[in-house]
Amino acid sequence: MDRETRLKRLRFRAWHRGTKEADLLVGGFYDRHASGWNDDQIGWFEALMNEQDVDIMAWAIGSAPVPERWQGEMMNQLRRVDYIPISD
């Protein structure tokens, strides 16, 4: 599958997680960073999408330790949580 198709599918998966909170966290992360991802980073995110939302959210906010397989710069970016729009 070509890069653009992979990214379109990932965007859908990122924004349709099941809860508004997970959508904002995962979808917001995707929107902020995906345009600059290489194939390895796309693969990392594709694999992350198979994890449970509750786990991804816990890793992102620091309420659970990040498993070794997910540690690295991509998880560090996810954990910054500076990509979620906050409205008044």
Side-chain angles (χ1 to χ4, degrees):
M1 161 180 351
D2 67 60
R3 176 186 172 80
E4 290 308 311
T5 302
R6 285 174 77 190
L7 288 172
K8 284 180 184 179
R9 287 183 180 198
L10 277 176
R11 184 173 196 288
F12 182 86
R13 290 183 70 194
W15 278 104
H16 295 87
R17 301 301 298 173
T19 66
K20 182 71 170 178
E21 294 84 359
D23 289 350
L24 288 170
L25 180 91
V26 179
F29 177 75
Y30 174 91
D31 284 353
R32 171 72 61 90
H33 297 287
S35 65
W37 288 342
N38 62 33
D39 286 341
D40 289 340
Q41 292 167 317
I42 292 171
W44 184 92
F45 194 75
E46 284 172 330
L48 185 70
M49 293 297 87
N50 294 321
E51 296 289 343
Q52 296 294 314
D53 292 342
V54 66
D55 294 329
I56 296 170
M57 292 177 68
W59 302 331
I61 65 172
S63 63
V66 178
E68 188 173 330
R69 81 176 280 214
W70 297 116
Q71 293 177 11
E73 185 53 32
M74 294 278 289
M75 182 57 70
N76 292 342
Q77 290 175 350
L78 181 71
R79 295 187 77 196
R80 286 187 195 111
V81 193
D82 60 354
Y83 46 83
I84 298 175
I86 299 173
S87 53
D88 296 327

If every non-hydrogen atom of [X] is compared with every non-hydrogen atom of [Y], which pair is closest and at what distance?
X: Gly28; Y: Trp15; result: N-CZ2, 3.5 Å
X: Asp23; Y: Gly18; result: OD1-N, 3.7 Å
X: Ala60; Y: Val81; result: O-CG2, 3.9 Å
X: Leu10; Y: Ile42; result: CD1-CG2, 3.7 Å
X: Arg17; Y: Ala22; result: CB-CB, 3.7 Å
X: Gln71; Y: Met75; result: CA-CB, 4.5 Å

Item to check | Aromatic contact, Trp44 with Trp37 (centres under 6.0 Å) | outcome: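 No, ring centres 6.0 Å or more apart.
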Just so I know, are the side chains of [X] and [Y] near enough to count as touching, which here means a heavy-atom distance under 4.5 Å?
X: His33; Y: Gln41; value: no
X: Met57; Y: Ile61; value: no
X: Glu21; Y: Asp53; value: no
X: Ile56; Y: Trp70; value: no
X: Asp39; Y: Arg6; value: yes

Item to check | Exam field: side chain Arg79 to backbone Trp59, donor-acceptor pair closer than 3.5 Å | outcome: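 Confirmed, Arg79 side chain pairs with Trp59 backbone.
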Checklist entry - Would Leu48 and Met74 satisfy side-chain contact (heavy atoms from CB on, under 4.5 Å), going step by step from the backbone distance to the final call? => result CA-CA 10 Å; Leu48 185 70; Met74 294 278 289; over 6 Å; no
Checklist entry - Aromatic rings Tyr30 and Phe45: how do their planes relate, parallel, tilted or perpendicular, breaks at 30° and 60°? => result tilted
Checklist entry - Would you call the rings of His16 and Phe12 parallel, tilted or perpendicular if under 30° counts as parallel and over 60° as perpendicular? => result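 Parallel: the ring planes of His16 and Phe12 meet at under 30°.
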Next on the checklist: Tell me if the CD atom of Gln52 is crowded by more than 12 foreign heavy atoms within 6.0 Å.
Outcome noted: no
Checklist entry - Quick one: CG on Asp82 to CD on Gln77, what's the gap to the nearest 0.5 Å? => result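 Rounded to the nearest 0.5 Å, the CG-CD separation comes out at 9.0 Å.
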Checklist entry - Thinking salt bridges, do Glu51 and Arg69 make one under a 4.0 Å N-O criterion? => result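 Salt bridge between Glu51 and Arg69, a charged N being under 4.0 Å from a carboxylate O: yes.
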Item to check | Between Arg3 and Asn38: side-chain donor-acceptor atoms closer than 3.5 Å | outcome: no
